[in-house]
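In what follows, chains carry the letters A, B, and so on, assigned in the order in which the sequence lines appear, proteins first and then strands, with residues in each chain numbered from 1. The basis for the numbers below is simple: all heavy atoms, side chains too, and nothing from hydrogens, waters or symmetry mates.
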There are 2 protein chains.
Amino acid sequence: MQISKKTQYGLRAMVYLAKNFKRNKVFPLREISKSEDIPFDFLEKIILELEKSDLVKAKKGPNGGYFLACSPRKITAGDIVGALEKTKPVNCLICGRMGKCSAKSVWNKLEQSLKDALDSINLSELTK
Amino acid sequence: MQISKKTQYGLRAMVYLAKNFKRNKVFPLREISKSEDIPFDFLEKIILELEKSDLVKAKKGPNGGYFLACSPRKITAGDIVGALEKTKPVNCLICGRMGKCSAKSVWNKLEQSLKDALDSINLSELTK
DNA sequence: ATAAAACAGACTATATTAGTCGGTTATATC
DNA sequence: GATATAACCGACTAATATAGTCTGTTTTAT
Ligand code: FES
Ligand code: FES
């Protein structure tokens, strides 16, 4: 039940992009890395995943960098966490084998309220 | 964001105790282990933790075993998960150092709704 | 006495996380 | 068109956490 550093870094990076969001403006990773105190090489891997989930886009070459794929208002914490973290709290074996497990309803409920909580927060709220 | 097998086993064991709950009845671990298909040695460690959190009590010696410390109605999934799992989704360094981190509100909200969800379920509901 | 059970701690094996490193590709600028 | 910048990619390592085992000690009903 822990959020990985990867996800924490990822969210912070996204908030950074949202805070400074401006049309046609891009942010090189080096800048985000320094400003948010995130290991550069690690952040590179993280942002790649975010890009593959269509949350950020990149511009290559000099003066290149990353930028949000859409308005901060339209990106939720759920999107970000979902892109970087296993979001199902359990991946159980017995359920499949035996059909029923009394604990299942607990995990289902947990998963749902987790999702609800994260989906209800968007990036633009986090810039204030 | 994954629930450990330890916690899954722990919850299943507790549900087992709740299902067969009866005054003055105790259940040896061997029985729970077999019935719930949980590795005995591992279960031993798990139930010890549950005992230290005052969720179960033990009777030693022959015909001994474990039993719920109180009525199933009074024990929540939150109690059980809380006893076996780190319940805070993040344990961040920067927060302490720099005071403010935009991501913090996300994790706070997550933690709260996690807690609410689990606390709202009690063992007696899970026996049906 | 003895056998059944809880209790305890040290140990191992596996998996996940966190991060690093060496290189390739695309592109703006000179 | 050379060069520098920054994204992209895959393989690797180190550290930590999880899952489980093993060997024993203590308590207690019979
Ligand atoms: S085995 Fe799937 S929830 Fe219990
Ligand atoms: S460092 Fe604590 S929530 Fe960001």
Under 3.5 Å donor-acceptor pair, B/Glu44 side-chain atoms to C/dC7 base atoms: yes
Side chain to side chain contact (heavy atoms under 4.5 Å, CB included) evaluation trace for B/Ser4 with B/Glu85: CA-CA 8 Å; B/Ser4 64; B/Glu85 194 96 6; 2.9 Å; yes
Worked check of side chain to side chain donor-acceptor pair (under 3.5 Å) between B/Lys19 and A/Ser102: CA-CA 10 Å; B/Lys19 263 187 173 139; A/Ser102 316; 2.6 Å; yes
Atom-pair distance (CG on A/Leu29; P on C/dT20), nearest Å: 14 Å
Non-hydrogen atoms of A/Gln2 and B/Val90 that approach each other most closely: OE1-N, 4.3 Å
Between P of C/dT27 and OH of A/Tyr66, the distance in whole Å: 13 Å
OP1 or OP2 of D/dA19 under 4.0 Å from side-chain N/O of B/Tyr9: no
OP1 or OP2 of D/dC8 under 4.0 Å from side-chain N/O of A/Lys59: no
A/Leu84 CG to C/dT16 P, straight-line distance once rounded to whole Å: 17 Å
Spacing of B/Glu31 atom CD relative to C/dA4 atom P, expressed in whole Å: 16 Å
Whole-Å gap separating P (D/dA7) and NZ (A/Lys52): 15 Å
Closest nucleotide among D/dC8, C/dT27, D/dA19 to the B/Lys6 side chain: D/dA19
Side chain of B/Lys60 (C-beta onward), nearest among C/dC7, D/dA7, D/dC9: C/dC7
Closest nucleotide among D/dA19, D/dT21, C/dC7 to the B/Ala58 side chain: C/dC7
Nearest-neighbour nucleotide for the B/Phe42 side chain, D/dA19, D/dA7, D/dC22 considered: D/dA19
Donor-acceptor side-chain pairing of A/Asp116 and A/Gln112 below 3.5 angstrom: yes
Sugar-phosphate only, base, or nothing, as touched by A/Ile47 at under 4.0 Å among non-hydrogen atoms: nothing
Any B/Asn63 side-chain nitrogen or oxygen under 4.0 Å from OP1 or OP2 of D/dT28: no
Rounded distance in Å - CG (B/Asp41) to P (C/dC11): 17 Å
N/O (side chain, B/Ser4) to phosphate O (OP1/OP2, D/dA19) under 4.0 Å: yes
Contact nearer the 5' end of DNA chain D, comparing B/Lys86 with B/Phe40: B/Lys86
Residue B/Pro62, side-chain heavy atoms: nucleotide from D/dT28, C/dA6, D/dA19 that is nearest: D/dT28
Atom pair distance, as rounded to whole Å: CE in A/Met1 and P in C/dT16: 16 Å
Test of ring centre spacing under 6.0 Å for B/Phe67 and B/Phe27: no
Sugar-phosphate only, base, or nothing, as touched by B/Gly64 at under 4.0 Å among non-hydrogen atoms: sugar-phosphate
Gap between atoms CZ and C1', on B/Phe27 and C/dA4 respectively (whole Å): 17 Å
Sugar-phosphate only, base, or nothing, as touched by A/Lys57 at under 4.0 Å among non-hydrogen atoms: nothing
hbond_proxy A/Lys45 side chain to C/dG19 base (donor-acceptor, 3.5 Å cutoff): yes
Closest to the B/Pro28 side chain, choosing from D/dT21, D/dA6, C/dA6: C/dA6
Per B/Leu48 side chain, nearest of listed nucleotides C/dC7, C/dG19, D/dC22: C/dC7
4.5 Å side-chain heavy-atom contact, A/Thr76 and A/Ile121: no
